[in-house]
Amino acid sequence: MTTEKLTVTRTGDTLAITNTAPSTGLPTIVITLGPTLTAEINPSSDLPVRITTEDYTHDKQRIDTLLSTDTTTHIDTTGDGTYPLPFTPTPAWNTVLDLAQQQWQFRWNPLPLDPELLALDLLRAQHEAITLTENLPDRHLALTAYPAAQTLQRLIDANTITPKPGTSSSKPSRPPTPTHP
């Protein structure tokens, strides 16, 4: 799917990619993708609300990974100014989108879902996005998720559920106790 609902505004190394579609009014999540690169995401859309960087030269490779080589080539050949931007989601973008959706669910969940399972799913999303965000999964979140991981492991051991192919079914180890500086 290629769409042109995005515009890019570039001045030198400062870049802002903005969604031109109307806002849904839902709270958004901001994902830090590097020291100068952030993505603001609405969990109800596959498109970013806004992606910004103050150092495009430094963040170009990461933007290329997230938004495709065609996107960065278009930015490079068009140069400074404001113009429409073609966007084709990549697997890396979908990973960041999943992380944002899991963070949104954990923070603003409108349904009576189990907080331990939400924490476990958020940890999974953080782990899958670790190479994109350079952030380690939250150790405090691991403590919240641990009971859900134990319950799932008991269900696996009892052959009540089967792990997804390609995933580890090893027993969860007790998460380290967080220390406060």
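Note that this is a predicted model, so its numbers are computed, not measured. When reading the values below, keep in mind they use all heavy atoms of this one structure, side chains included, and skip hydrogens, waters and symmetry mates.
With values rounded to the nearest 0.5 angstrom, Asp59 atom CG is found 9.5 Å from Thr52 atom OG1. Rounding to the nearest 0.5 Å gives a distance of 13.5 Å between OH of Tyr146 and OG1 of Thr144. To the nearest 0.5 Å, the span separating CD on Gln101 from CG on Asn42 amounts to 9.5 Å. Distance CD/Glu40 to OG1/Thr28: 3.5 Å, rounded to 0.5 Å. Atom CG of residue Leu15 and atom CD1 of residue Ile63 lie 5.5 Å apart, to the nearest 0.5 angstrom.
Smallest separation of non-hydrogen atoms from Pro27 and Trp104: O-NE1, 3.1 Å.
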Checking side chain to side chain contact (heavy atoms under 4.5 Å, CB included) for the pair Gln126/Ile130: CA distance, chi angles, key distance, verdict?
CA-CA 6 Å; Gln126 287 178 346; Ile130 201 166; over 6 Å; no
Go through Thr69 and Asp64 one step at a time and tell me if the side chain to side chain donor-acceptor pair (under 3.5 Å) criterion holds.
CA-CA 5 Å; Thr69 303; Asp64 185 84; 3.2 Å; yes
Does the side chain to side chain contact (heavy atoms under 4.5 Å, CB included) test come out yes or no for Leu47 and Trp93, once each step is laid out?
CA-CA 9 Å; Leu47 296 171; Trp93 175 253; over 6 Å; no
Output, in order, the C-alpha distance, side-chain angles, deciding distance and verdict of side chain to side chain donor-acceptor pair (under 3.5 Å) for Thr71 and Ser68.
CA-CA 5 Å; Thr71 300; Ser68 81; 3.1 Å; yes
Determine, stepwise, if the pair Thr95 / Glu128 fulfils side chain to side chain donor-acceptor pair (under 3.5 Å).
CA-CA 7 Å; Thr95 299; Glu128 289 176 1; 5.6 Å; no
Applying side chain to side chain contact (heavy atoms under 4.5 Å, CB included) to Leu132 and Arg62, what does each step give before you reach the verdict?
CA-CA 8 Å; Leu132 301 167; Arg62 186 153 296 172; 5.6 Å; no
Can Ile41 and Ile31 be said to form a side chain to side chain contact (heavy atoms under 4.5 Å, CB included), step by step?
CA-CA 8 Å; Ile41 299 168; Ile31 304 289; 4.1 Å; yes
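Looking at heavy atoms from C-beta onward, Leu122 lies out of side-chain contact with Arg107 at the 4.5 angstrom threshold. Between Gln61 and Thr65, some side-chain heavy-atom pair lies under the 4.5 Å cut-off. Annotation: side chain of Thr14 is not in contact with side chain of Tyr56 (no heavy-atom distance under 4.5 Å). Arg124 is listed as a side-chain neighbour of Asp98, based on a closest heavy-atom distance under 4.5 Å. Under the 4.5 Å side-chain criterion, counting only non-hydrogen atoms from C-beta, Leu67 is in contact with Ile17.
Gln102 places no side-chain N or O within donor-acceptor distance of the main-chain N or O of Ala125, the cut-off being under 3.5 Å. Thr78 places no side-chain N or O within donor-acceptor distance of the main-chain N or O of Ile75, the cut-off being under 3.5 Å.
Thr32 and Thr38 share no donor-acceptor pair across their side chains, judged by distance under 3.5 Å alone. With 3.5 Å as the limit, one finds a donor-acceptor pair spanning the side chains of Asp13 and Thr57.
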